[in-house]
Amino acid sequence: MDLSELDRDSTGRCRLKSPVPAVCRKEPCILGVDEAGRGPVLGPMVYAICYCPLSRLADLEALKVADSKTLSESERDRLFVKMQEDGDFVGWALDVLSPNLISTSMLGRVKYNLNSLSHDTATGLVQFALDQGVKVAQVFVDTVGLPDTYQERLQQRFPGIEVTVKAKADALYPVVSAASICAKVARDQAVKNWHFVEKLQGLDADYGSGYPNDPKTKAWLRKHVEPVFGFPQFVRFSWRTAQSILEKEAEGVMWEDSLTGDQEGPGRITSYFSEGARVRPRLPHRYFQERGLESATTL
């Protein structure tokens, strides 16, 4: 799996895909959606789709695909290679979302939470398959949030497709299991071969599971926090665990507001009708404040 695009720019996202099997452009297909790395404080989150013709679903099941969490790393790698070898009827695509993208989305002026990011990424991958000419007839998704609400949203987005959203779908539907294997293999490779652009002294590659409650992961975070610049891009700095360490280990920063001078509170209502009423600056609408937009005085 070629993740060189992520190596070149580990601040955004990258998309990988297999060739589309010719049969998938001719026959109705089943498509599964799953993710890997939603919870860790370290490394990217990966969303993946896997698809095959409904007529070849039994062949996909014969590969003995299973929920990636129940498989060892070597078993996942072996099954992914097998799916690539069966590229005459199995296709896949995935999005790798960097830690920086996840955190800046969650902490931006306009909040974009992890559920919304997950839903939009999954929707984008289904649309990508359709744009590639895959004749998607059925979609099975491992839920994020309430399955009924998520299913209704996807069904409205893709009215001509039968959509099923379930909890633990990766253990119920082989096509979702196959997607989970693709996602997990990609995340494991991205984490193992992560290109640190920061010049870290004494970089320790043993950071445990990467989950926030892992003592080894917490120790790694404390060791590699820079007092001024914070964490390397490998860290999701929006996670509460990372924020707590920043508050304790890093230097405090005082940000100056764009507005200067004394910020007085509202005066009495009668003051606005008196002869000596104060001249107060008129603040822009909240929409413009949140986005840092200012009126242009010259063009």
Side-chain angles (χ1 to χ4, degrees), residues 3 5-14 36-46 95-118 121 187-265 281 283-295:
L3 292 174
E5 183 179 344
L6 183 67
D7 292 339
R8 288 192 297 271
D9 181 8
S10 58
T11 63
R13 71 170 74 204
C14 72
R38 177 179 167 82
V41 66
L42 301 178
M45 177 172 69
V46 180
D95 274 353
V96 183
L97 311 183
S98 72
N100 186 76
L101 173 68
I102 294 169
S103 292
T104 53
S105 297
M106 295 175 66
L107 297 179
R109 288 180 180 269
V110 180
K111 305 303 180 188
Y112 187 32
N113 65 37
L114 193 60
N115 278 8
S116 296
L117 180 61
S118 298
T121 302
R187 174 176 155 82
D188 286 349
Q189 183 174 326
V191 169
K192 184 181 298 184
N193 301 319
W194 187 263
H195 175 62
F196 286 88
V197 295
E198 305 84 4
K199 305 301 182 183
L200 301 180
Q201 297 295 324
L203 176 62
D204 184 3
D206 185 9
Y207 34 73
S209 66
Y211 280 87
N213 59 352
D214 186 338
K216 188 172 288 187
T217 299
K218 290 181 180 179
W220 189 93
L221 288 168
R222 284 191 291 268
K223 179 179 179 181
H224 293 292
V225 61
E226 212 284 330
V228 175
F229 297 104
F231 292 110
Q233 292 178 356
F234 187 54
V235 178
R236 301 180 192 178
F237 54 84
S238 58
W239 260 230
R240 186 61 217 166
T241 301
Q243 290 181 351
S244 296
I245 292 174
L246 275 176
E247 291 168 0
K248 295 176 182 177
E249 306 291 341
E251 297 293 333
V253 177
M254 181 67 70
W255 298 98
E256 293 185 2
D257 292 332
S258 57
L259 294 175
T260 59
D262 295 333
Q263 301 295 309
E264 300 180 10
L283 296 177
H285 188 275
R286 178 182 172 187
Y287 176 90
F288 298 97
Q289 291 187 62
E290 289 179 342
R291 291 161 176 78
L293 301 177
E294 298 179 358
S295 299

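Residue numbers run from 1 in the order of the sequence given.
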Legend entry - Check: W239 and Y211 side chains under 4.5 Å, non-hydrogen atoms: no

Legend entry - Main-chain N/O of L101 paired with S105 side-chain donor or acceptor, under 3.5 Å: yes

Inset, instruction - With sequence neighbours excluded, give me every salt bridge (Lys or Arg N to Asp or Glu O under 4.0 Å) pair touching residues 241-250. - result: R240-E247

Inset, instruction - Tell me, please, which residues at least two apart from F231 pass ring pair (Phe, Tyr, Trp, His ring centres under 6.0 Å). - result: none

Legend entry - Non-neighbouring partners of K223 that pass side-chain contact (heavy atoms from CB on, under 4.5 Å), sequence neighbours left out: D204

Legend entry - Distance-minimising heavy-atom pair for A242 and V235: CB-CG1, 4.1 Å

Inset, instruction - Find out whether R13 and T121 are in side-chain contact, i.e. whether some heavy atom of one side chain is under 4.5 Å from a heavy atom of the other. - result: yes

Legend entry - Heavy-atom side-chain contact between L114 and I102 under 4.5 Å: yes

Inset, instruction - Name all residues meeting the side chain to side chain donor-acceptor pair (under 3.5 Å) criterion together with S103; count only those two or more places apart in sequence or in a different chain, and write none if there are none. - result: S238

Inset, instruction - Just jot down the side chain to side chain donor-acceptor pair (under 3.5 Å) partners of D7, sequence neighbours excluded, or say none. - result: none

Legend entry - No-hydrogen, no-angle side-chain donor-acceptor test under 3.5 Å, S118 and N115: no

Inset, instruction - Could I get the full list of side chain to side chain donor-acceptor pair (under 3.5 Å) partners for N193, not counting sequence neighbours? - result: none

Inset, instruction - Sequence neighbours left out, what passes side-chain contact (heavy atoms from CB on, under 4.5 Å) with N100? Give chain and number order. - result: T11, S98, T104, F237

Legend entry - Any residue meeting side chain to side chain donor-acceptor pair (under 3.5 Å) with Y112, in chain and number order, not counting sequence neighbours: D120

Legend entry - Heavy-atom side-chain contact between Q243 and L107 under 4.5 Å: yes

Legend entry - Close side-chain approach of K216 and D206, heavy atoms under 4.5 Å: yes

Inset, instruction - Return the set of residues passing side-chain contact (heavy atoms from CB on, under 4.5 Å) with E198 (not counting sequence neighbours), or none when no residue passes. - result: F196, L200, P232, Q233

Legend entry - Partner residues of P99 under the side-chain contact (heavy atoms from CB on, under 4.5 Å) criterion, sequence neighbours left out: P44, W194, R236

Inset, instruction - Nearest 0.5 Å please: distance from the CG atom of D214 over to the CG atom of L221. - result: 10.0 Å

Inset, instruction - List in chain and number order the residues that pass salt bridge (Lys or Arg N to Asp or Glu O under 4.0 Å) with D188, two or more places apart in sequence or in another chain; answer none if no residue qualifies. - result: R76, K184

